[in-house]
S.K.: 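Please read through the structure below; I'll follow up with questions.
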Amino acid sequence: MFRTRLISGIVLVLLALVTILTGGWVLAGVLCAISVIAYRELTKATGVHTDGKGINGLEITGSILSILYYIVLFLCMVRMEAYDLSVVYPVIAIAVILSLLVFMFVYVFSFPKFKANQVMTAYFELLYAPVLLSFIFIIREGWQYGNYLVWLIFFCSWGSDTCAYCVGVLFGKHKMTPKLSPKKSVEGAIGGVVGAALLFGLYTHFVINPFTDEVFRIHWGSAMCLGAIGALVSMVGDLAASAIKRDHAIKDYGKLIPGHGGIMDRFDSVIIAAPLIFIGLALITP
C-alpha cells in the first residue's frame with residue numbers, strides 16, 4: 001500500500017508540475033476535468049446520486065455548469081488585459097447566481113423527482129469543488145507572476161500536510177479530532193502550520209522576490225503569516241471532507257488515484273487553500 005501510494009503521489013506531483021507550468025488552456029482543461037470528477041464524487045457521497053440508477057438530472061446539470069463555467073472563465077482570462085482581475089469578479093458572481101437559478105428550474109420542472117435537500121446539496125457541491133478549484137487557474141493566469149505565486153497553494157496544502165505527517169509520526173501524542181481523523185494530532189497540526197510558514201518564507205525570499213520586479217516584492221513575514229493561516233484553513237478543508245465521508249459512512253470518495261482514493265481525497269485541502277491564497281495575495285502584494 002505504501003509503495004502504491006508513493007508512486008501515485010510522485011506521478012500526481014509530476015502531472016501537477018507539467019500542467020501548471022504549461023498553464024493556459026491545458027491547465028483550464030485539466031482543472032475542468034478534475035472539477036467534474038470531484039463533483040460526481042460528491043454527488044455520489046452525499047446522496048444526490050441515487051444508487052443503482054444512472055446519472056440523474058441534477059448531476060448532469062452540475063457537470064454541464066462546471067464545464068460552461070471553465071469555458072467562460074478561460075475566454076474571459078484570454079481577453080483580459082494587463083492582469084486586470086476586475087473583469088473576473090463579475091464572471092464568478094454571475095456564474096454563482098445563474099447556477100442557482102438553473103438548479104431551481106430543474107427542481108421546479110422535475111418536481112417531485114428531487115427533494116429540496118438534494119437540490120441544495122447539488123448546488124453547494126458546484127461551489128465547493130469546481131468554483132473553488134478554479135482559483136488555481138485564476139492565480140496562475142490572472143496574476144502578474146502567477147507562474148510563481150500559484151505554487152503557494154500547494155505549499156499550504158500538500159506541503160503542510162507532509163510536514164504535519166512527519167511531525168505527527170515523530171511527536172504526535174494528543175489527538176486533534178479523534179472522531180473525524182484519529183491519526184491527526186495536535187503536534188502534527190502545529191508542525192504543519194510551522195512547516196507551511198517556513199516554506200512560504202523561504203520560497204518568497206529565494207524564488208518570488210529574486211525573479212520578480214523590484215516593485216513586486218512580498219515581505220517574508222507577510223508570506224509566513226499567509227502560509228500559517230493557509231495551513232490552518234487547509235486542515236479545516238481536509239477535515240470537512242472527512243466529515244462528509246463520516247456523515248455518509250464511506251471510506252473514500254473514489255478509486256481513481258491508487259493508494260489515495262478519489263479526487264476529493266487528494267484535493268480536499270487544495271480546494272479550500274486556493275481561494276484563501278487568492279485573498280491573501282490580494283492583501284499582501286502591491
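Counting begins at 1 with the first residue of the sequence. Nothing here was measured: the structure is a model prediction, and the numbers come from that model.
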S.K.: State the OG-CE distance between S185 and M176, to the nearest 0.5 angstrom.
M.R.: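 Rounded to the nearest 0.5 Å, the OG-CE separation comes out at 7.5 Å.
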
S.K.: Roughly how far, to the nearest 0.5 Å, is the CG atom of D238 from the OG atom of S160?
M.R.: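 Going from OG on S160 over to CG on D238, the span is 9.0 Å.
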
S.K.: For A28 and Y70, work out which heavy atoms get closest and say how close.
M.R.: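 Of all heavy-atom pairs spanning A28 and Y70, the closest is O-CD2, 3.9 Å.
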
S.K.: Any donor and acceptor pair, going by atom type alone, linking the side chain of K255 with main-chain N or O of G261 inside 3.5 Å?
M.R.: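 Checking the backbone N and O of G261 against the side chain of K255, no donor-acceptor pair under 3.5 Å is found.
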
S.K.: Verify, without hydrogens or angle tests, whether D265 (side chain) and Y253 (backbone) share a donor-acceptor contact under 3.5 angstrom.
M.R.: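 Flag set: sc D265 to bb Y253 pair under 3.5 Å.
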
S.K.: Here's a test for you: under side-chain contact (heavy atoms from CB on, under 4.5 Å), which of R217, E214, H219 qualifies with N209?
M.R.: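 Of the listed options, the one satisfying the test is R217.
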
S.K.: Would you compute the distance between atom SG of C32 and atom CG of L27 and round it to the nearest 0.5 angstrom?
M.R.: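 If I round to the nearest 0.5 Å, the distance is 11.0 Å.
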
S.K.: What are the two closest heavy atoms between N56 and L58, and how far apart are they?
M.R.: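 Heavy atoms only, the tightest pair is OD1-N, 3.1 Å.
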
S.K.: Indicate yes or no: at least one non-hydrogen side-chain atom of V106 is less than 4.5 angstrom from one of I60.
M.R.: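 Side chain of V106 against side chain of I60, heavy atoms only: no contact under 4.5 Å found.
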
S.K.: Count I, L, V, M, F, W, Y as connected when their side-chain heavy atoms are under 4.5 Å apart, and connections chain through other members. Are I67 and L127 then in the same cluster?
M.R.: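 Linked within one cluster.
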
S.K.: Apply side chain to side chain contact (heavy atoms under 4.5 Å, CB included) to the pair R246 and K179, showing each step before the final yes or no.
M.R.: CA-CA 9 Å; R246 299 294 182 274; K179 292 184 178 180; over 6 Å; no

S.K.: Mind listing the closest non-hydrogen atom pair of P210 and T204 along with its distance?
M.R.: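 In this case the closest contact between P210 and T204 is CD-O, 4.0 Å.
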
S.K.: Run the numbers on K175 and K184 for side chain to side chain contact (heavy atoms under 4.5 Å, CB included), then give the verdict.
M.R.: CA-CA 6 Å; K175 301 298 182 182; K184 294 187 183 298; over 6 Å; no

S.K.: Given the rule that I, L, V, M, F, W and Y join up when any side-chain heavy atoms are under 4.5 Å apart, are V78 and I71 in one cluster?
M.R.: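 Both belong to a single hydrophobic cluster.
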
S.K.: Do the non-hydrogen side-chain atoms of I37 and L256 ever get within less than 4.5 Å of each other?
M.R.: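 In short, these two side chains touch, coming nearer than 4.5 Å.
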
S.K.: Taking all heavy atoms of V270 and all of S157, pick out the closest pair and write down the distance.
M.R.: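 Between these two residues, the closest heavy atoms are CG2-OG, 3.4 Å.
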
S.K.: Is the closest side-chain heavy-atom distance between Y128 and I244 below 4.5 Å?
M.R.: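 In short, these two side chains touch, coming nearer than 4.5 Å.
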
S.K.: Hey, could you give me each pair passing side-chain hydrogen bond (donor to acceptor under 3.5 Å, both in side chains) that has a residue in residues 138-149? Not counting sequence neighbours.
M.R.: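 Passing the test, one end in residues 138-149: Y145-D213.
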
S.K.: Below 4.5 Å, heavy atoms only, C-beta onward: do L65 and V102 meet side chain to side chain?
M.R.: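 L65 reaches V102 side chain to side chain.
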
S.K.: Going by salt bridge (charged side-chain N to carboxylate O under 4.0 Å, His left out), name the residues that satisfy it together with E59, two or more places apart in sequence or in a different chain.
M.R.: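 So E59 forms a salt bridge (charged side-chain N to carboxylate O under 4.0 Å, His left out) with R40.
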
S.K.: Any side-chain heavy-atom pair from C163 and V194 closer than 4.5 angstrom?
M.R.: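 They are not in contact (no side-chain heavy atoms under 4.5 Å apart), so the answer is no.
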
S.K.: Enter the distance from M264:CE to E125:CD here, rounded to the nearest 0.5 Å.
M.R.: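 M264 atom CE to E125 atom CD measures 8.5 Å (nearest 0.5 Å).
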
S.K.: Does I263 belong to the same Ile/Leu/Val/Met/Phe/Trp/Tyr cluster as V26, with side-chain heavy atoms less than 4.5 Å apart forming each link?
M.R.: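 Cluster IDs for I263 and V26 match.
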
S.K.: Counting only heavy atoms not in H248, do more than 12 sit closer than 6.0 Å to its NE2 atom?
M.R.: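 More than 12 within 6.0 Å, yes.
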
S.K.: Using the rule that two of Ile, Leu, Val, Met, Phe, Trp, Tyr join whenever any of their side-chain heavy atoms come within less than 4.5 Å, decide whether F267 and I250 are in one cluster.
M.R.: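 F267 clusters together with I250.
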
S.K.: Can you classify the ring geometry of W151 versus F154 as parallel (below 30°), tilted (30 to 60°) or perpendicular (above 60°)?
M.R.: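 Rings of W151 and F154: tilted, 30 to 60°.
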
S.K.: How far apart are the closest heavy atoms of D161 and R266, and which atoms are they?
M.R.: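 It is OD2-NH2, 3.7 Å.
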
S.K.: Distance-only check: which donor-acceptor pairs under 3.5 Å involve side-chain atoms of residues 84-92, not counting sequence neighbours?
M.R.:
residue, atom, partner, partner atom, Å
D84, OD1, S86, N, 3.3
D84, OD1, S86, OG, 2.6
D84, OD2, S86, OG, 3.1

S.K.: Flag yes if I20 and L14 sit in one hydrophobic cluster, no otherwise; membership is Ile, Leu, Val, Met, Phe, Trp, Tyr, and two members link when side-chain heavy atoms are under 4.5 Å apart.
M.R.: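 Hydrophobic grouping puts I20 with L14.
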
S.K.: Just wondering, do V236 and I272 contact through their side chains at under 4.5 Å, heavy atoms?
M.R.: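 Sidechains of V236 and I272: no contact.
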
S.K.: May I ask you to test the F114-S110 pair for a side-chain heavy-atom distance under 4.5 Å?
M.R.: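 F114 vs S110: side chains touch.
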
S.K.: Hey, what's the ring geometry for F155 with F200, parallel, tilted or perpendicular (30° and 60° as the breaks)?
M.R.: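 F155 and F200: perpendicular rings.
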
S.K.: Less than 4.5 Å apart, side chain to side chain, heavy atoms only: is that true for P130 and V36?
M.R.: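 Counting from C-beta outward, P130 and V36 never come under 4.5 Å.
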
S.K.: Go through the steps for V119 and M104 under the test side chain to side chain contact (heavy atoms under 4.5 Å, CB included), then give the verdict.
M.R.: CA-CA 8 Å; V119 179; M104 291 175 66; over 6 Å; no

S.K.: What closest approach, in Å, do I257 and G262 show between heavy atoms, and which atom pair accounts for it?
M.R.: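 Shortest heavy-atom separation between I257 and G262 comes out as CD1-O, 4.0 Å.
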
S.K.: Within this structure, what is the CG-CG distance for the pair L152 and L276, rounded to the nearest 0.5 Å?
M.R.: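 Spacing of CG (L152) from CG (L276) equals 11.0 Å.
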
S.K.: What distance separates L133 CG from L31 CG, expressed to the nearest 0.5 Å?
M.R.: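 Here the interatomic distance stands at 6.5 Å.
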
